[in-house]
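Below is one structure, written out as structure tokens; the observations come after it.
Below, each value reflects all heavy atoms present in this structure, side chains not excepted, and no hydrogens, waters or symmetry copies. Residue numbers begin at 1 in each chain, while the letters A, B, ... track the order of the sequences.
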Amino acid sequence: MSVALQSEAIDVAAEYTQLVGDRPGAAVVTFTGYVRDHSDQHAVTELELEHYPEMARKVLSDLGQLAAERFGLRNWRIVHRFGLLAVSETIVWVGAVADHRGEAISACELIMDTLKTDAPFWKREQGPAGEQWVASRDSDIARRARWQSGEAQ
Amino acid sequence: MSVALQSEAIDVAAEYTQLVGDRPGAAVVTFTGYVRDHSDQHAVTELELEHYPEMARKVLSDLGQLAAERFGLRNWRIVHRFGLLAVSETIVWVGAVADHRGEAISACELIMDTLKTDAPFWKREQGPAGEQWVASRDSDIARRARWQSGEAQ
Amino acid sequence: MASGSVSITIKLFSALREALGESEFELAISDISQASAQLDVAAIKALLSQRGAAWKEALNQPNLVHALNHKVVFTDAVVSEGDELAFFPPMTGG
Amino acid sequence: MASGSVSITIKLFSALREALGESEFELAISDISQASAQLDVAAIKALLSQRGAAWKEALNQPNLVHALNHKVVFTDAVVSEGDELAFFPPMTGG
């Protein structure tokens with residue numbers, strides 16, 4: 001039931017071990033996001049992640065708690081990186097533990113869909129064509145909206 | 001893009017490392033199922049998993065391929081155990097790698113929902129009250145049906 | 001294969017295996033007329049049900065699943081020489 | 001705090017921070033009448049827009065996000081002494 005903001009790479013195996021503990025819940029779902037070597041239009045060689053630390057911590061903590069209440073999670077963890085990231089490096093890791101798989105899957109999906117649009121991080125891509133801020137995606141905004149309309153569950 | 005049926009515990013960290021490889025796709029989702037210490041009505045001390053090896057391998061391979069085609073997966077892996085399992089041990093592990101998170105999440109959910117009702121495994125619980133075969137759950141049958149009706153995506 | 005004779009493998013799992021005390025055996029149907037006109041899963045079930053009350057009861061459970069060559073089928077699926085036909089209760093994977 | 005005077009922290013992120021060359025500063029509003037009757041986010045935006053064309057343009061983008069004390073708010077949110085008000089483009093986490 002915690003959040004980490006860090007510049008170091010995410011140790012996925014260590015995070016997993018910590019999340020499940022000695023007596024794991026019945027269903028554990030994890031999501032890991034990695035830096036891609038391309039965006040919609042062009043090649044990407046590096047990604048810079050600017051963030052608003054105090055707000056990011058609050059938004060992600062509130063989001064984990066919301067998911068925990070809504071889906072009855074036994075445990076959850078959100079790790080988000082900031083700073084300069086190379087292609088194929090980890091960006092974000094989310095873990096959810098529940099009694100049943102549907103709850104763990106939905107919690108992980110809710111956290112990721114909300115985090116994309118509501119967590120104060122801004123991506124700047126660097127590539128052969130120079131640097132540019134990444135614009136928010138309509139598809140992300142639409143996925144986020146599903147949770148508010150009650151369409152997703 | 002492979003299936004493993006094994007009596008040994010699942011090495012989640014090793015499976016993850018193998019799944020993502022040197023240049024991970026952008027979105028990686030994993031599901032791990034563990035033996036619970038209780039079922040709906042009673043305490044459980046051990047779980048015995050009987051299986052039909054040749055059919056289980058075929059069903060799980062077909063299922064991984066179906067999910068890969070439907071959601072454009074870059075990689076997937078399904079590991080399922082059989083034999084005698086103690087409480088808190090791993091039963092099943094599913095990993096899916098895709099370019100976008102929605103595809104990886106949906107693929108993992110499709111695989112788990114289908115596997116529950118369509119993969120030839122039968123659970124027998126052992127507890128203070130004796131042994132008994134686990135009956136299929138209506139909720140599992142309903143979740144499976146969503147994928148055929150097109151309700152889930 | 002001899003004319004009019006068919007040999008298939010029968011497999012039983014879980015509660016069916018326990019109730020009937022067998023997990024796998026070869027079934028040789030020497031005279032096809034033993035079964036109904038069409039040798040389908042329903043015909044094999046009818047044939048095996050003649051083995052006694054336990055078989056009749058086990059093979060006529062409403063939620064019985066039949067898999068022919070590792071694929072779940074309805075009772076009208078046609079069975080041929082060398083096929084593997086399995087009977088079992090609903091699956092509980094995962 | 002002096003009567004009629006309010007001091008708040010302004011933070012700017014991402015493209016706004018770059019365009020305006022500042023990331024964080026204290027804004028002392030010595031005479032509340034500088035702002036509109038109600039000291040809300042809209043009033044602070046109007047006040048900062050007087051700093052020049054770059055500020056006016058940056059703070060009047062249609063998709064500008066404003067967070068008051070780490071929570072996204074509408075422009076009618078009331079700002080008080082000691083508050084932290086941040087302006088930034090749409091977030092792209094994950």
Side-chain angles (χ1 to χ4, degrees), chain A residues 3 5 10 31-36 39-40 47-63 78-82 85 90-94 108-125 131-141 143-144, chain D residues 6-27 40-42 44-45 48 53-94:
Chain A
V3 167
L5 305 178
I10 301 169
F31 176 90
T32 319
Y34 292 87
V35 179
R36 280 191 285 178
S39 73
D40 291 341
L47 192 68
E48 194 178 343
L49 265 166
E50 179 173 341
H51 78 312
Y52 182 178
E54 303 84 355
M55 180 171 168
R57 189 167 294 281
K58 176 178 162 45
V59 166
L60 297 180
S61 296
D62 288 353
L63 180 53
I78 304 173
V79 184
H80 205 303
R81 292 184 70 190
F82 59 84
L85 279 62
T90 50
I91 304 178
V92 63
W93 188 85
V94 172
C108 212
E109 193 174 18
L110 165 63
I111 289 172
M112 280 307 304
D113 284 352
T114 307
L115 180 158
K116 285 266 171 186
T117 56
D118 291 19
F121 292 84
W122 299 271
K123 294 192 182 106
R124 181 151 69 172
E125 294 170 347
E131 299 190 353
Q132 70 172 67
W133 291 101
V134 175
S136 55
R137 297 170 65 99
D138 289 345
S139 59
D140 286 338
I141 295 166
R143 284 188 69 96
R144 167 74 174 92
Chain D
V6 165
S7 177
I8 64 173
T9 302
I10 301 290
K11 291 195 173 184
L12 305 170
F13 291 95
S14 182
L16 252 82
R17 173 184 54 72
E18 283 191 328
L20 302 175
E22 297 208 51
S23 62
E24 177 174 350
F25 58 93
E26 295 300 307
L27 178 67
D40 58 14
V41 172
I44 305 285
K45 278 175 68 175
L48 291 173
W55 287 81
K56 190 168 181 179
E57 189 191 336
L59 293 176
N60 287 282
Q61 293 171 43
N63 59 6
L64 183 79
V65 182
H66 356 86
L68 184 62
N69 300 326
H70 312 140
K71 193 169 183 303
V72 170
V73 293
F74 290 108
T75 54
D76 62 355
V78 174
V79 177
S80 309
E81 169 67 24
D83 280 356
E84 181 170 308
L85 179 60
F87 297 103
F88 44 78
M91 298 165 271
T92 53

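Under a 3.5 Å cut-off, the side chain of D:Thr92 and the backbone N or O of A:Lys123 do form a donor-acceptor pair. Proximity of a side-chain donor or acceptor of A:His80 to a complementary backbone N or O of D:Gly93 within less than 3.5 Å is not detected.
Inter-residue side-chain proximity for A:Met55 and D:Val72 is flagged as met; some heavy-atom pair is nearer than 4.5 Å. The shortest side-chain heavy-atom distance between A:Glu54 and D:Lys11 falls under the 4.5 Å cut-off. Two residues are said to be in side-chain contact when any heavy atoms from C-beta on lie closer than 4.5 Å; D:His70 and A:Tyr52 meet this criterion. When side chains are defined from C-beta on, D:Glu18 does not count as touching A:Glu50, because their heavy atoms never get closer than 4.5 Å.
Surrounding CG of A:Asp138 are at most 12 heavy atoms belonging to other residues, nucleotides or ligands under 6.0 Å away. Taking a 6.0 Å sphere around CZ of D:Phe25, one finds it holds more than 12 heavy atoms contributed by other residues, nucleotides or ligands. Annotation: D:Glu57, atom CD; neighbour count of heavy atoms from other residues, nucleotides and ligands within 6.0 Å does not exceed 12.
Separation of atoms OG (D:Ser14) and CD (A:Glu48) is listed at 10.0 Å; rounding is to 0.5 Å. Atom CG in A:Asp140 sits 12.0 Å away from atom CE in D:Met91 (nearest 0.5 Å).
Interface residue A:Ile91: only side-chain heavy atoms are found under 4.5 Å from chain D. For chain D, the nearby part of A:Ala135 is the backbone; its heavy atoms alone come within less than 4.5 Å. Proximity to chain D is limited to the side chain of A:Lys58, based on heavy atoms less than 4.5 angstrom apart. In this structure, the portion of A:Arg124 lying under 4.5 Å from any heavy atom of chain D is its side chain and not its backbone. Proximity to chain D is limited to the backbone of A:Thr117, based on heavy atoms less than 4.5 angstrom apart.
Of the listed residues (A:Ile141, A:Val59, A:Asp118), the greatest number of heavy-atom pairs within a distance under 4.5 Å of chain D belongs to A:Asp118.
Ring-plane geometry between A:Trp122 and D:Phe13 is classed as parallel, the angle between the planes falling under 30 degrees on a 0 to 90 degree scale with a further cut at 60.
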